[in-house]
Every structure is written in C-alpha cells, then in structure tokens.
S.K.: 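Take this structure first; my questions come after.
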Amino acid sequence: MNKKDDYFMRKAIEFAIKSKEKGNAPFGAVLVKDDNIVMIEENEVNTLSDPTSHAEMSLIRNFCQQNRITDLHEYILYSSCEPCAMCCAAMSWANLGKLVYSVSNDELTKMFGDNIKIFSKELFQKSTNKPVVVEKVLNKEGLKVFEKYKF
C-alpha cells in the first residue's frame with residue numbers, strides 16, 4: 001500500500017462526493033507533480049450542461065491552458081474511477097506519465113449496466129503515449145461513493 005497514492009486518492013474521492021452533492025455524476029480527479037497537488041477538478045456535466053466536463057477532461061484542459069503546456073509526462077492523475085475513452089484519449093494526447101484510479105469500469109458496469117465498452121487498458125494499448133496505470137487504489141472507499149446513486 002502506497003500512502004501517497006492513498007492520500008491523493010482520498011482527495012479525488014472527496015471531490016467525487018462534492019460533485020454528487022451538486023447533482024453531477026460522482027467523479028473527481030487530482031493532478032500531482034513532485035508530490036504536490038497542482039489542480040483538482042470534479043465532474044460538472046450537469047452543472048455546466050457540457051457532456052465533456054468530466055473531472056479528468058476538465059482537469060487536463062484547464063491545467064494545460066492555464067500553464068500553456070501540452071506534455072504531462074511528469075504528472076500523475078488520480079481519478080475516483082477508471083476514466084472513460086474520451087478522458088483516456090486526452091491523457092494519451094497529453095502524454096500523461098501515470099494514472100491511478102479507484103473504481104474500475106467493470107465494477108461500474110456491474111452496478112449500473114453497460115455504457116461505452118472501451119476501457120482504459122484497451123485504449124492505452126492502441127496509443128503511442130501510454131501512462132503507467134495503477135488500479136483500484138482505495139477501492140472500497142471509491143465504491144461507497146456510488147451507494148444510493150442512480151445514473
């Protein structure tokens with residue numbers, strides 16, 4: 001167990017809960033460089049009426065624009081859930097160094113049914129830029145966020 005991963009994942013889960021409280025799907029993301037949080041985002045699809053406002057996508061877009069960079073190879077992205085195909089594509093194009101997530105798409109599918117069936121492993125296998133991926137960090141805590149939630 002990695003205490004740093006646990007700490008940053010707790011932050012992602014905290015923002016997933018905040019997102020849920022605001023009427024959005026419960027997803028949160030944290031971007032880290034050199035053991036420091038550089039940005040946190042939450043899902044705002046319903047709040048902004050923007051289907052691309054996933055936590056991870058917004059984090060990559062906002063951070064890169066604000067810092068005028070497009071290469072995130074020195075960064076770690078912590079996500080409360082395994083990112084969708086759109087967010088994984090953005091991670092690949094931004095050359096993200098590492099992805100750490102809590103709840104897997106397989107687990108979400110078991111709870112809520114099928115959605116898009118392109119998971120991060122498949123997308124990254126077919127991509128030139130592949131982040132290191134660490135799965136199911138604080139998985140039980142991440143799953144609790146989805147209790148009493150309906151998509």
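Just so it is clear, the values below take in all heavy atoms, side chains as well, and ignore hydrogens, waters and symmetry mates.
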S.K.: Please tell me if the side chains of Ile40 and Val30 come closer than 4.5 Å, counting only heavy atoms from C-beta onward.
M.R.: yes

S.K.: Any Lys/Arg nitrogen of Glu107 or Lys136 sitting under 4.0 Å from an Asp/Glu carboxylate oxygen of the other?
M.R.: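 Answer for the salt bridge query: yes.
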
S.K.: In the structure I gave you, are the side-chain heavy atoms of Ser102 and Val137 within less than 4.5 Å of one another anywhere?
M.R.: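 No, side chains not in contact.
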
S.K.: I want to check something: taking the side chain as every heavy atom from C-beta on, are Glu82 and Leu99 in contact at a cut-off of under 4.5 Å?
M.R.: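 No, side chains not in contact.
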
S.K.: Do the side chains of Cys88 and Phe124 get nearer than 4.5 Å, heavy atoms only?
M.R.: yes

S.K.: Less than 6.0 angstrom from the centroid, inside 45 degrees of the normal: does Lys4 satisfy that with respect to the ring of Tyr7?
M.R.: no

S.K.: Please determine whether ring pair (Phe, Tyr, Trp, His ring centres under 6.0 Å) holds for the pair Phe63 and Tyr75, giving the CA-CA distance in whole Å, both sets of side-chain angles, and the decisive distance to 0.1 Å.
M.R.: CA-CA 11 Å; Phe63 184 79; Tyr75 295 81; 5.3 Å; yes

S.K.: Taking the side chain as every heavy atom from C-beta outward, state whether Ile76 and Lys33 have any pair of such atoms under 4.5 Å apart.
M.R.: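 No. Closest side-chain heavy atoms not under 4.5 Å.
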
S.K.: Within the structure provided, determine whether Trp93 and Asn129 are in side-chain contact (heavy-atom separation under 4.5 Å).
M.R.: no

S.K.: Just to verify, what does Lys144 make a side chain to side chain donor-acceptor pair (under 3.5 Å) with, not counting sequence neighbours?
M.R.: none

S.K.: Mark yes when over 12 heavy atoms from residues, nucleotides or ligands other than Lys121 sit less than 6.0 Å from its NZ; otherwise mark no.
M.R.: no

S.K.: Determine, for Glu42 against Lys20, whether the closest basic-nitrogen to carboxylate-oxygen distance falls under 4.0 angstrom.
M.R.: no

S.K.: So, do Cys84 and His54 sit near enough that their side-chain heavy atoms are less than 4.5 Å apart?
M.R.: yes

S.K.: With a 4.5 Å cut-off on side-chain heavy atoms, are Met9 and Lys11 touching?
M.R.: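 No. Closest side-chain heavy atoms not under 4.5 Å.
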
